[in-house]
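First the structure, in the form of structure tokens, and then the observations on it.
Computed from a prediction, not measured in an experiment: that's the story for all the values here. Start at 1 with the first residue, then count along the sequence.
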Amino acid sequence: MSERTVRLTMAQALVRYLTRQFTVIDGEEVPLFAGAFGIFGHGNVTCLSEALEAVQDELPTWRGQNEQSMALAAAGFAKAMRRRQLMIATSSIGPGALNMVTAAGTAHANRLPMLLIAGDTFTNRLPDPVLQQVEHYENPTVTVNDAFKAVTRYWDRISHPAQIIASLPQAIATMLDPADCGPAFIALPQDTQELAFDYPEAFFEKRVWTIPRPRPDRDSVIRAADLLRTARKPLIIAGGGVRYSGAGETLAQFARERGIPVVETVAGKGTLTHYDPVHAGPIGIIGSTSANELAGDADVVLAVGTRLQDFTTGSWTAFDHEARFIGVNAARFDAGKHRAVAVVGDAREAMTELDAALGDWRADAARMAQASELFRHWDAVVDEHQQRSDTPVPTYAQVIGIVNRSADSADHLIAAAGGIPGEVQKGWRVKNPDTYDLEFGFSCMGYEIPAGWGHAMAMKGEGTPIVMIGDGTYMMMNSDIYSSVITGHKLIVVVCDNGGFAVINRLQEFKGTPGFNNLLKDCRVTDPDNVPHVDWAAHARSMGAEARHCQDLDELEAALEWARTTDRTTVLSIVTDAFSWVPGDADWDVGVPEVSLRDSVQQARAHQEQIRAKQRIGV
């Protein structure tokens, strides 16, 4: 190793190091960090911004409108790139940093990589307390940046310029590890950023990273094959890990040759196209009757790349208590849930080895015939709900059907919290793999528009991100409509206006409480019969977007055609019914008051106890 050094500030060295990291995507060598989102303020505007400005041709910096939303855009980018390329998000100290905590939680829950860099207070403490510093009387080392420890996979505070030599490679290795993948956080005290240090030139040598594909233990593969051979009614659950591994075709081929139906989790939807012969629909609480019936009578469940969240398992009521599980997952933590035969390894490699270990075994043909018939029935149910009717207010299902039919195969659908997730999970027919992003690991309200911006950056004009969002969530975080306009990243945003937080109102009323503080008409307002209505189209136009309000489904259909012709982000709004939903049949365990004077709550409590009596108790 050369002994030559180069003298740089810590901030300059950090940025130079990041620009020298590369990866390979589809045979092409590209920068590992595609860019940075930044809002500069106290703590990152002097030293870090000086370093980023000098390399803006290599590492472009994009200005967001809110620290949370720009970090959510980084999460959306990572998802669109299937975790193969990353973004950076940087903020000032104090409130700027804390604004990114929600986005870090979203990335952590969804196992998405992004690098978060926040300014921090002074290491020497001479000016304490500084602007935006919270003080802990019993522990002066604590700052707001310690809040990130709960929602990141890697956390460090750089108190000496030399520390980045060890820290940055570890942060990147964590973000690229299929098992530990998630956000990494680096806190940069103001006085440490400014310090110069003689860094070894070797530290800045170009490095090409590859994402590892750990192979499973051979004995675990044999045990899994032995168990699968006993199955009379096997089922495959495809999770997000299948997509991130690039194992979709491997899993589909395995399922076709072995005669096993495949159902998809929220994160796994888009592994297969809707009409793939082995696809049997989405599973779980916002899933299909076809998938849930197959789950209910399955005797061996092969769960690939899923953490088996409650919306997948129906709070563990969706499966027979005697069913056995095989968990294929890069993360040991996920592979062994519910006494599963754990096959710890990359999904693509593990499925290939499991296939070889099975020999000529194939499931009874009746199983796939059953799945095909159930799926045909489910598809007809979706058609029925998406069919136009004479009702004065369109339903979510009808709106989704029109948007889905208008979408090109290269377009990406982006949605998150509220009523839309259940409706798109049930009713969106995926035309091309990896074109569907429903963030429901964290159910983060406000993810949709920033993530659409991130998708647009990743897609580079190959298709258009289509963001579907409710009016309640739109009110929470919409400023990246402006970001997308000024940066030239076009989105189509469809706002479904149902007068507030409709789906949580549905849950509230279903569990016995009258509508309260969710729909606008049920809130504490001056005049409940005359609540001012937001003109969504006018609001979007004020941020430079094109926009239209659609009075009915015919106007929506025409507006979607028009949106294809515009040169910038285009927002379409339509009033939708707050009380019409495509039914599901999986249970969900939520807290219901054990004691209440309301008969409706007492009935809901009794129903909840029936749900809990069906739960499979995992160990």
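- Put simply, the side chain of Arg84 reaches to within 4.5 Å of the side chain of Asp26, judged on heavy atoms.
- The local environment of CZ in Arg256 is crowded, with over 12 non-hydrogen atoms from other residues, nucleotides or ligands closer than 6.0 Å.
- In summary, the side chains of Thr121 and Thr143 do not present any donor paired with an acceptor at a separation below 3.5 Å, with no hydrogens or angles considered.
- The main-chain N or O of Val242 is never found under 3.5 Å from a side-chain atom of Ser245 such that the two would form a donor-acceptor pair.
- Side chain of Asp191 to main chain of Phe122: no donor-acceptor pair is present (N/O by atom type, distance under 3.5 Å, no hydrogens or angles).
- Nearest heavy atoms, Thr435 versus Ser409: CG2-O, 3.7 Å.
- Figure legend: cation-pi geometry between Lys337 and Phe325 absent, as NZ or CZ is not positioned both under 6.0 Å from the six-membered ring centre and within 45° of its axis.
- In this structure, CH2 on Trp453 lies 14.5 Å from CD1 on Ile414, to the nearest 0.5 angstrom.
- Looking only at distances, no side-chain donor or acceptor of Gln170 sits under 3.5 Å from a matching main-chain atom of Ala166.
- A donor-acceptor contact shorter than 3.5 Å links the side chain of Arg307 to the backbone of Gly441.
- Residue-environment remark: OH (Tyr482) stays at or below the threshold of 12 foreign heavy atoms within 6.0 Å.
- In summary, Arg157 and Asp146 engage in a salt bridge, as defined by a charged side-chain N under 4.0 Å from a carboxylate O.
- In terms of heavy-atom proximity, Cys181 sits nearest to Arg83 at SG-CD, 3.7 Å.
- Residues Val328 and Ala350 approach most closely at CG1-CB, 3.5 Å, considering heavy atoms.
- Contact between Arg213 and Asp346 at its shortest, heavy atoms only, is NH1-OD2, 2.9 Å.
- Donor-acceptor pairing under 3.5 Å is recorded for the side chains of Gln56 and Glu53.
- Although no hydrogens or angles enter the test, the distance criterion places no donor-acceptor pair under 3.5 Å between the side chain of Ser220 and the main chain of Val343.
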Take Met10 and Leu195, measure what side-chain contact (heavy atoms from CB on, under 4.5 Å) needs, and give me the verdict at the end.
CA-CA 6 Å; Met10 184 272 282; Leu195 294 179; 5.6 Å; no
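- Between the Arg258 side chain and the Asp355 main chain, a donor and an acceptor come within less than 3.5 Å of each other.
- A donor-acceptor distance shorter than 3.5 angstrom exists from the side chain of Gln85 to the backbone of Pro31, with no hydrogens or angles considered.
- The residues Arg153 and Asp177 are annotated as not salt-bridged, no charged nitrogen and carboxylate oxygen being separated by less than 4.0 angstrom.
- Under the 3.5 Å distance criterion, with hydrogens and angles disregarded, a donor-acceptor pair is assigned to the side chains of Gln12 and Glu50.
- The aromatic rings of Phe185 and Trp155 sit parallel, their planes meeting at an angle under 30°, below the 60° perpendicular limit.
- Using modelled atom types, one finds no donor on one side chain facing an acceptor on the other under 3.5 Å when comparing Thr265 with Thr306.
- A 4.5 Å side-chain heavy-atom check between Thr271 and Val262 finds every atom pair outside the cut-off.
- Put simply, the side chain of Asn44 gets close to the backbone of Gly41: a donor and an acceptor are under 3.5 Å apart.
- Leu115 places a side-chain heavy atom less than 4.5 Å from the side chain of Met175.
- Side chain of Tyr154 to backbone of Asp180: no donor-acceptor contact under 3.5 angstrom is found.
- Expressed to the nearest 0.5 Å, how far NE2 of His274 lies from CG of Asn432 amounts to 14.5 Å.
- Nearest heavy atoms, Ala415 versus Val424: CB-CG2, 4.3 Å.
- In this structure, CG in Leu413 is found 10.0 Å from CD in Gln425, a value given to the nearest 0.5 Å.
- A heavy-atom distance below 4.5 Å is not found between the side chains of Ser91 and Asn99.
- How far CG of Asp408 is from NZ of Lys431: 7.0 Å, rounded to the nearest 0.5 Å.
- Results of the side chain to side chain contact (heavy atoms under 4.5 Å, CB included) test with Val221 over Glu353, Met351, Arg215 single out Glu353 as the only residue that passes.
- Atom CD of Glu29 has more than 12 neighbouring heavy atoms from other residues, nucleotides or ligands inside a 6.0 Å radius.
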List the steps and the verdict of side-chain hydrogen bond (donor to acceptor under 3.5 Å, both in side chains) for Ser69 and Asp480.
CA-CA 7 Å; Ser69 71; Asp480 280 323; 2.8 Å; yes
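- Distance check: Leu8 CG to Phe203 CZ gives 10.0 Å after rounding to the nearest 0.5 Å.
- For Arg243 (side chain) and Lys79 (main-chain N/O), no donor-acceptor pair under 3.5 Å exists by modelled atom type.
- Pairing each heavy atom of Gly241 with each of Ala347, the nearest pair is O-CB, 4.2 Å.
- With rounding to the nearest 0.5 angstrom, the CG atom of Asp437 is 3.5 Å from the NE2 atom of His455.
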